[in-house]
Amino acid sequence: MNDTKHIKQWIDRVTEAFLADDHILTSSLLERALAETDSAPQLLEISGMIAYKRGDIAESARLIEAAMFEIGLSISAQLTIANAWIQVGKTDAARTTASFLVEIVERIPYSMLAELTHVLSHLKEYELAVRVCRTACERHPRDDHAVFGLAFYMYRAGYPLIAVKNMMLKAIDLAPACQLYQLNLAVVCCSLEQWDAAYAHACH
C-alpha cells in the first residue's frame with residue numbers, strides 16, 4: 001500500500017519521533033517507511049529536512065534533490081535545500097530557489113520569512129532581502145525585528161543612509177532597549193558624520 005493517506009501516517013509518526021528527540025526511533029521509522037513505500041518522494045523530502053537538522057548537509061541535499069524530481073517541494077524543503085546547497089557550494093542552484101521563493105513571497109508563512117532573508121543574505125542578494133522584509137513589515141508593522149531587518153538590508157543594498165537611519169529609528173521606537181539596534185544606528189550615524197548622534201546611540 002502506497003497511497004497518500006498511508007504516506008502521511010508514516011510522516012506523522014516520523015515527525016512525532018523526531019520532535020520527541022528520539023533519534024533511534026526516528027531513524028528506525030524512516031528506514032521502515034522508505035522500504036514500505038518504495039522511497040516515496042514525500043518521505044525522501046522529510047528525511048532530507050531531518051538530515052539537515054542533524055547536520056548531515058550533503059545527505060540532506062541528496063535526499064531532497066531525489067524528491068524534487070518527483071514532487072513539488074514544500075516551502076520548508078525549498079528553504080532547507082537552498083541552505084544545504086549554499087553549504088556544499090551549489091550557489092547558483094541556491095540562488096535560483098531563493099529567487100523563486102521571493103516571487104511567491106505572499107504564499108510564504110510569516111514565520112519562514114526570516115529564514116528566507118538569511119538565505120538571501122548568504123547569497124549577497126540584498127535587494128531581494130529588502131523585498132522580503134517589506135512584505136514582513138506590511139504583514140506585521142509593529143514587529144521590531146521585521147522593521148530592523150528592512151533597515152539592515154536597505155543598508156547592505158546601498159539605499160540612501162538617511163532612509164536607512166529613519167527605518168532604524170522606527171525599529172528603536174518599537175524596541176528602545178535593544179542594544180543591537182542602537183549600535184547599528186550608531187554605525188549609520190558615523191557614515192553620515194553625525195558624530196554626536198553616533199556617540200549617543202553607542203552609549204545608550
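Numbers here are sequence positions counted from 1.
- The residues D173 and K170 are annotated as not salt-bridged, no charged nitrogen and carboxylate oxygen being separated by less than 4.0 angstrom.
- Taking every heavy atom of both residues into account, S99 and L128 meet most closely at OG-CD1, 3.8 Å.
- Of the residues R95, R156, R131, the one that meets the side chain to side chain donor-acceptor pair (under 3.5 Å) test with E125 is R95.
- Ion pair E16/R13 not flagged as a salt bridge, since none of the NZ, NE, NH1 or NH2 atoms sits closer than 4.0 Å to an Asp/Glu carboxylate oxygen.
- If you chain together hydrophobic residues whose side chains sit under 4.5 Å apart, L174 and L180 fall into the same group.
- One hydrophobic cluster, built from ILVMFWY side chains closer than 4.5 Å, holds both F18 and I7.
- Of all the heavy atoms in R139 and R107, the pair that sits closest is NH2-N, 4.4 Å.
- What you find for E65 and M68 is that their closest heavy atoms are O-CG, 3.1 Å.
- Between E45 and T80 the shortest side-chain heavy-atom distance does not fall below 4.5 Å.
- Considering all non-hydrogen atoms of both residues, M168 and A151 come closest at CG-CB, 3.4 Å.
- Residues L120 and L116 are in side-chain contact: their nearest non-hydrogen atoms beyond the backbone lie under 4.5 Å apart.
- Within the 3.5 Å criterion, the main-chain N or O of A94 finds no donor-acceptor partner in the side chain of T97.
- Residues I50 and I46 are in side-chain contact: their nearest non-hydrogen atoms beyond the backbone lie under 4.5 Å apart.
- Between the S27 side chain and the H23 main chain, a donor and an acceptor come within less than 3.5 Å of each other.
- Cluster membership check: Y159 shares its hydrophobic cluster with I172, using side-chain heavy-atom separations under 4.5 Å among Ile, Leu, Val, Met, Phe, Trp and Tyr.
- Using modelled atom types and a 3.5 Å distance limit, the side chains of Y155 and N184 yield no donor-acceptor pair.
- Judged by distance alone, with hydrogens and angles left aside, the side-chain atoms of Q78 form a donor-acceptor pair with the main-chain N or O of L73 at under 3.5 Å.
- Test L34, L30, I64 against L44 for side chain to side chain contact (heavy atoms under 4.5 Å, CB included) and you get one pass: L34.
- In the hydrophobic cluster analysis, where Ile, Leu, Val, Met, Phe, Trp and Tyr join through side-chain heavy atoms closer than 4.5 angstrom, V188 is grouped together with Y126.
- Contact of the V119 side chain with the L101 side chain is not registered, since no non-hydrogen atoms from C-beta on lie closer than 4.5 Å.
- At least one donor-acceptor pair under 3.5 Å links the side chain of S60 to the backbone N or O of G48.
- By the 4.5 Å heavy-atom criterion applied to side chains, V132 and Y153 are not counted as neighbours.
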